[in-house]
Amino acid sequence: MDSIAAPATLDDPLYYLRNFETVLRWVSECHGDLLDAAERAFVDGVAALPVAPRALLTRMVMRSGELFRADKLRYPEIGPATPALTALEAVGWVRRDGDLTLEELFRLYTKAELGRALAPRLAAAGLDRHGRKADWLAALAEPAPAPRPLSGWDPDGHLPPAWRLTVMPVCERLRLMFFGNLHQDWREFVLTELGTFRYEPVALDAASRPYRSRADLDAWLDLHACRERFEAGEPAEAVAADLPDGDTGNPWVEERRHKLRYKLARQWEREDQLERAEALYAQCQYPDARARRLRVLERRGEYRAALTLAEQAAAAPESEQERQQLARLRPRLHRKLGLPKPVAAPPPTTEAWTLTLPASGFVEGAVAAHLSRDDGPVFYVENTLFTGLFGLLCWDAVFAPLPGAFFHPFQSAPADLYQPGFRHRRRRWFDDAFAALADDRHRGPILDTWRRKYGTASPFVHWGALSEPLLTLALERLPAAHLAAYGERLLGDIKANRAGLPDLIQFTPDGGYRLIEVKGPGDRLQDNQRRWLAFFAERGIPAAVCKVEWAGP
């Protein structure tokens with residue numbers, strides 16, 4: 001399947017159904033071997049339903065939660081909800097009057113409705129019928145009553161019927177197969193049709209999918225459930241006990257596993273459960289896990305073990321960030337172990353000066369206004385100009401149709417953007433882009449891409465922060481060698497290096513430029529900013545730090 005159908009037009013009252021059917025067709029064609037019998041029966045069964053129940057099912061799937069009231073399911077293009085619900089009940093996809101918890105009851109019905117239905121309970125608990133709904137729930141939840149049918153809560157029939165959607169687990173799995181994640185939902189179709197989002201079209205086929213087996217999907221969903229429990233406040237110990245072990249060999253699944261390990265270890269570190277934290281960091285391959293493990297070893301007084309690990313890390317640091325952290329840690333460990341201080345090269349120096357200005361809520365804007373001249377304009381471009389130029393120059397590399405990079409039409413970035421092999425897999429495209437810089441052929445292609453792709457989602461180009469005049473001026477002033485140096489460093493660690501760039505760019509009257517990092521009163525340089533300033537100093541790229549003090553009281 002080389003491409004996917006465009007989202008249905010919003011002029012079609014059943015646009016959402018057309019989009020849902022597009023997903024089902026796509027999953028069936030590209031992931032059919034991963035579907036079990038029940039899921040295949042669901043996909044086939046949707047197609048066999050009449051339009052009204054099929055549309056209502058889609059509406060329910062795309063709404064929040066699994067519980068619905070028939071009197072709230074009002075859609076003119078569908079008609080009365082009850083006949084459609086009855087048809088869905090016949091195939092087992094909804095259930096009427098199933099067991100409800102007290103919390104579900106309170107979410108589903110209004111205070112006035114509950115006041116009538118629960119009047120005896122409220123009176124028995126000494127609760128004011130004019131009180132707050134939240135207070136009622138808190139009082140009736142102690143002790144926690146067992147779930148029961150609606151008639152068990154409301155024997156006199158004051159409340160309209162409730163219906164529970166029973167196929168959400170199937171639909172969630174289908175959504176995972178389509179999007180490759182569960183943070184994107186069905187609204188992506190609508191937002192694209194409205195023009196809120198635009199995505200780069202990339203050819204897709206069965207080889208593009210991120211999951212190779214049903215075991216991959218099961219592992220991803222198990223990890224997702226553990227993460228949801230942790231984010232809902234469940235203790236790290238309980239979540240860690242259920243964390244699936246093993247290695248699927250699937251990079252999308254394993255990245256999620258190691259990220260959750262990192263979060264659990266970080267929580268134990270905050271709770272001062274250092275032994276547990278250190279043991280889990282040792283099993284974790286998520287970025288920064290080794291650095292956090294070193295901190296834990298130091299806090300536990302295990303200086304010799306920490307130094308041994310630090311020396312291993314220094315021999316092959318995973319990033320500039322880790323190298324910077326080690327430069328601080330190793331002298332401390334040497335001192336605590338009574339060892340000679342390690343020799344380190346002095347850091348490069350960066351020009352710095354202080355300005356005294358009237359107080360302002362936007363310190364960067366105040367400095368830009370103060371420094372800007374007709375023959376030397378200053379722009380606020382923090383993390384947008386250099387990154388945007390890179391994204392425009394390397395557009396074809398970023399959106400290269402490689403297996404496993406794109407697997408649905410609503411991706412703003414390739415799935416492997418932060419993985420170590422990102423550049424290597426796209427070497428020929430990046431080589432072409434950097435060759436254009438070497439031959440000074442980059443200006444035309446960058447501006448052409450700006451015009452053709454304007455508004456299309458990109459991990460590097462922030463359209464609202466840039467303008468064509470700014471880009472044109474920047475391309476006139478910024479040496480190609482400086483852009484190439486920036487691009488090389490960015491590709492070395494995209495996640496860390498796409499941030500920390502100076503706030504301002506000043507185009508100087510002599511035809512050059514200067515980058516300016518602004519620091520207001522009490523503010524100081526962050527680690528990623530220090531790394532960029534050191535890089536600029538090493539490469540001869542003009543950059544400075546402007547410290548601001550406010551004038552007067």
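All residue numbers in this chain count up from 1 along the given sequence.
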Cation over ring face, [X] and [Y], 6.0 Å, 45°:
X: Arg498; Y: Phe460; result: yes
X: Lys495; Y: Tyr418; result: yes
X: Arg489; Y: Phe535; result: yes
X: Arg173; Y: Trp220; result: no
X: Arg423; Y: Phe434; result: yes

Whether over 12 other heavy atoms sit under 6.0 Å from [X] [atom1]:
X: Arg524; atom1: CZ; result: no
X: Glu275; atom1: CD; result: no
X: Lys547; atom1: NZ; result: no
X: Gln273; atom1: CD; result: yes

Practice task
Apply side chain to side chain contact (heavy atoms under 4.5 Å, CB included) to Leu417 and Phe422, showing your working.
Solution key: CA-CA 6 Å; Leu417 182 65; Phe422 174 76; 3.7 Å; yes
Would a distance-only check, ignoring hydrogens and angles, find a side-chain to backbone donor-acceptor pair under 3.5 Å from [X] to [Y]?
X: Asp439; Y: Arg441; answer: no
X: Arg214; Y: Leu34; answer: yes
X: His258; Y: Gln285; answer: yes
X: Asp416; Y: Gln419; answer: no
X: Thr387; Y: Thr384; answer: no
X: Gln506; Y: Leu515; answer: no
X: Gln529; Y: Gln526; answer: yes
X: Asp216; Y: Asn250; answer: no
X: Glu298; Y: Leu333; answer: no
X: Arg293; Y: Ala282; answer: no

Does a side-chain heavy-atom distance below 4.5 Å link [X] with [Y]?
X: Leu402; Y: Pro414; value: no
X: Thr449; Y: Val461; value: no
X: Asp527; Y: Arg328; value: yes
X: Phe379; Y: Leu504; value: no
X: Ile516; Y: Trp353; value: yes
X: Val202; Y: Glu200; value: yes

Problem - Where at least one partner belongs to residues 372-381, residue pairs that pass side-chain hydrogen bond (donor to acceptor under 3.5 Å, both in side chains), sequence neighbours excluded - result: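 Qualifying pairs, neighbours excluded: Tyr380-Glu382.
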Indicate the atoms forming the closest heavy-atom contact of [X] with [Y], along with that distance.
X: Pro244; Y: Arg257; value: O-NH1, 2.5 Å
X: Thr456; Y: Arg198; value: OG1-NH2, 3.1 Å
X: His334; Y: Pro340; value: ND1-O, 2.6 Å
X: Arg261; Y: Leu243; value: CG-CD2, 3.7 Å
X: Leu217; Y: Met177; value: CD1-CE, 3.4 Å
X: Phe399; Y: Ser458; value: CZ-CA, 4.2 Å

Exercise for the section: Under the side chain to side chain donor-acceptor pair (under 3.5 Å) rule, collect the residues that match up with Asp448, sequence neighbours excluded. Expected result: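 Per chain and number, Asp448 pairs via side chain to side chain donor-acceptor pair (under 3.5 Å) with Arg452.
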Hey, can you tell me if [X] and [Y] have their rings parallel, tilted or perpendicular (30° and 60° cut-offs)?
X: Phe179; Y: Phe410; result: tilted
X: Trp26; Y: Phe178; result: perpendicular
X: Tyr286; Y: Tyr262; result: tilted

Exercise for the section: Please check if the distance between the ring centroids of Trp252 and Tyr211 is under 6.0 Å. Expected result: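 No, too far apart.
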Could you verify whether a donor N or O on one side chain and an acceptor N or O on the other, from [X] and [Y], lie under 3.5 Å apart?
X: Gln324; Y: Arg530; answer: no
X: Tyr513; Y: His482; answer: yes
X: Arg256; Y: His224; answer: yes
X: Glu549; Y: Thr354; answer: no

Practice task
Take Arg323 and Glu320, measure what salt bridge (charged side-chain N to carboxylate O under 4.0 Å, His left out) needs, and give me the verdict at the end.
Solution key: CA-CA 5 Å; Arg323 183 182 291 112; Glu320 292 179 11; 5.3 Å; no
Practice task
Quick one: do Arg304 and Glu302 satisfy side chain to side chain contact (heavy atoms under 4.5 Å, CB included)? Show the steps, please.
Solution key: CA-CA 6 Å; Arg304 180 62 62 182; Glu302 298 184 36; over 6 Å; no
Practice task
Identify whether the distance between the nearest side-chain nitrogen and carboxylate oxygen of Arg426 and Asp396 falls below 4.0 Å.
Solution key: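 Salt bridge absent between Arg426 and Asp396.
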Problem - Ion pair Glu311/Arg330, N-O distance below 4.0 Å - result: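 Result for this pair is yes, salt bridge flagged.
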Exercise for the section: Only one of Arg290, Arg266, Glu269 passes side chain to side chain donor-acceptor pair (under 3.5 Å) with Tyr281; say which it is. Expected result: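 With Tyr281 as partner, Arg290, Arg266, Glu269 yield a single side chain to side chain donor-acceptor pair (under 3.5 Å), made by Glu269.
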Exercise for the section: Starting from the C-alpha separation in whole Å, work towards a yes-or-no answer on ring-ring contact (aromatic ring centres under 6.0 Å, His included) for Trp532 and Tyr486. Expected result: CA-CA 10 Å; Trp532 269 117; Tyr486 167 81; 5.3 Å; yes
Practice task
Go through the steps to decide whether Arg276 and Glu271 satisfy the test salt bridge (charged side-chain N to carboxylate O under 4.0 Å, His left out), and finish with yes or no.
Solution key: CA-CA 10 Å; Arg276 278 180 167 168; Glu271 295 171 354; over 6 Å; no
Practice task
Tell me, with the steps shown, if Lys519 and Glu517 meet salt bridge (charged side-chain N to carboxylate O under 4.0 Å, His left out).
Solution key: CA-CA 7 Å; Lys519 288 298 165 190; Glu517 177 62 41; 3.6 Å; yes
Practice task
Start with the C-alpha gap between Phe507 and Leu470, add the side-chain angles, then the distance that decides, and say whether side chain to side chain contact (heavy atoms under 4.5 Å, CB included) holds.
Solution key: CA-CA 10 Å; Phe507 295 104; Leu470 172 59; 4.0 Å; yes
Problem - Test salt bridge (charged side-chain N to carboxylate O under 4.0 Å, His left out) applied to Lys259 and Glu255, step by step - result: CA-CA 6 Å; Lys259 186 174 183 179; Glu255 180 183 24; over 6 Å; no
Practice task
Determine, step by step, whether Leu274 and Leu297 satisfy the side chain to side chain contact (heavy atoms under 4.5 Å, CB included) criterion, reporting the C-alpha distance in whole Å, the side-chain angles of both residues, the deciding distance to 0.1 Å, and the verdict.
Solution key: CA-CA 8 Å; Leu274 300 184; Leu297 287 170; over 6 Å; no
